[in-house]
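Just so it is clear: chains get the letters A, B, ... in the order the sequence lines come, proteins before strands, and each one is counted from 1.
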2 protein chains.
Amino acid sequence: MQNINLPIIDLKQACVKAAHEVIAEKGIEHLSLRDVARKLGVSHQAPYRHYASKDHLLAAVIARCFRDFASFLDARQHFEDPEEDLAAMGGQYIAYAMQHPLEYRLMFGSTWPDTASNSELIRDAVHSFNILRNVLARMHGNSEAALINIDLDAMFIWSNMHGLVTIMQSDAMQYLDLVPHVKNNVPKHVFDMICVAMKSRLSK
Amino acid sequence: MQNINLPIIDLKQACVKAAHEVIAEKGIEHLSLRDVARKLGVSHQAPYRHYASKDHLLAAVIARCFRDFASFLDARQHFEDPEEDLAAMGGQYIAYAMQHPLEYRLMFGSTWPDTASNSELIRDAVHSFNILRNVLARMHGNSEAALINIDLDAMFIWSNMHGLVTIMQSDAMQYLDLVPHVKNNVPKHVFDMICVAMKSRLSK
DNA sequence: TATTTTAGTTGACACTGTCAACAATATTAA
DNA sequence: TTAATATTGTTGACAGTGTCAACTAAAATA
């Protein structure tokens, strides 16, 4: 469990990894710096050389999730047809959330710790949003009016994706007595509804 | 700040109220039973007579939010036309989330504490969902197939509403550099898109 | 080589949730 | 009425937490 004998090469990086593991084991509300230190076989104050507080370390963990998330979205299959591309991105968004529920909750579920070093966290978060903006730009064009519609549609689609995965992962879900067919087809149905709404919008 | 001299009539109820206030002041992650006790001018162990643990008290606070939320939805303006009624409910949902961001986060943002006494919490949560189901039932009818469509649409609409308010309240929102016109029109746009999707669905 | 910076240590402090033992008051049984 | 019991509070302790302060050793720099 502990690496008591191996020296830590890069403690700063190791702290992020260990903190991530502790959260995975005990939940974010039970993350403790002393647990992190113990896991790394180092004194309880050692992490403070690299992070000013527990929240600063937590921010680093979340920032790392955002980088992974953005590169996951970037790594999707790309299509010439913007509508197809949008669908691919939606699928990738859902896939990430399903494969990494913990990381998704860290990014979008918990409130970010208010530390100064959030700047990179924010940059990575906005980058993800811009990926969505770019796809929509290919559908709407680049006129002045288009820019507004891009952001409105981006918010609509993001709301949908985010709401969908949040609810499907939430405690509430299991108490709703949904028949299996409904449960399995919710993502597809939401996708279809978005498509219908977007199509009617672009045809105008 | 403290009611040192006034005796507490109903400590159990007072604990819920005080805990709610502490959360409002310091955030859910800084809720402390000892703070609650101090606020009520009782010993740090007094709350344990009524709640087995901190999580049990927290569950009671969240349950209370769900009751308020459900009665807020019920208290909306009702319409004969189911489509109009659905719109009214959407508006009411958003209104609650905007007026009570903290309570909304408690219900849907944080993971519920896993205590046995969640049963009433769950009942109230499901009740809210059933309000939505009932409105949709008036649009879809009561056939076997309709029941499935009701739940699929309910999930779609709920995803949308939930995603919308979550994102608008999230930290991410302020860093996206949205022009004011976009910011102000996001709820209306999302509403319109839902309407379009639902109309095309019902006409089939 | 002398000095300063970096990266780690140990020890202390106030705070937390919760267990145990005790006291007083209210309820119930005899 | 009196005795037994249950309810609702109290104080004190314990292990665990985040973080401040003072110290040490090694590395980088002058």
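- A:K12 has its NZ atom 13 Å from the P atom of C:dT6, to the nearest Å.
- Closest to the side chain of A:Y48, from the set C:dT18, D:dG18, C:dT9, is D:dG18.
- Rounding to whole angstrom units, CD of residue A:E29 and P of D:dG16 are separated by 19 Å.
- Between the P atom of C:dG17 and the NE2 atom of B:H56 lies a distance of 15 Å, rounded to the nearest Å.
- Side-chain contact annotation: A:H127 with A:D74, donor-acceptor N/O pair under 3.5 Å present.
- Closest to the side chain of A:S53, from the set C:dT9, D:dT19, D:dT10, is D:dT19.
- Taking a cutoff of 4.0 Å between a charged side-chain nitrogen and a carboxylate oxygen, A:E25 and A:K39 qualify as a salt bridge.
- One finds no side-chain N or O of A:R34 lying less than 4.0 angstrom from the OP1 or OP2 phosphate oxygen of C:dT16.
- In this structure, B:L57 places its CG atom 15 Å from C1' of C:dT16, rounding to the nearest Å.
- Among B:Y96, B:Y104, B:Y93, B:F66, the single residue meeting the ring pair (Phe, Tyr, Trp, His ring centres under 6.0 Å) criterion with B:F72 is B:Y96.
- For B:H78 and B:D85, the side-chain atoms include no donor-acceptor pair closer than 3.5 Å.
- Within the nucleic acid shown, B:L31 comes within 4.0 Å of sugar-phosphate atoms alone, with no base atom in reach, counting heavy atoms only.
- In the set C:dG17, D:dT11, C:dT9, C:dT9 carries the atom at the smallest distance from any side-chain atom of A:A46.
- B:H44 comes within contact range of at least one nucleobase, with a heavy-atom separation under 4.0 Å.
- Pairing each heavy atom of A:A70 with each of A:I131, the nearest pair is O-CD1, 3.9 Å.
- Rounded to a whole Å, the CG atom of A:D55 is 11 Å from the P atom of D:dG18.
- Between the OH atom of A:Y51 and the P atom of D:dT19 there is a distance of 15 Å, given to the nearest Å.
- Relative to the side chain of B:L11, the nucleotides D:dG9, D:dT10, C:dT9 differ in distance, and D:dG9 lies closest.
- Here the C1' atom of nucleotide D:dG9 and the CG atom of B:D10 are 15 Å apart, to the nearest Å.
- Along DNA chain D, the nucleotide nearest to A:R49 and the one nearest to A:K26 differ in position, and the one closer to the 5' end is contacted by A:K26.
- Looking at the side chain of A:L33, the nearest of the listed nucleotides D:dG18, C:dT18, C:dT9 is D:dG18.
- With DNA chain D read from its 5' end, the first of the two nearest nucleotides for B:H50 and A:S32 is the one closest to B:H50.
- Between the P atom of C:dT10 and the CZ atom of A:R38 lies a distance of 14 Å, rounded to the nearest Å.
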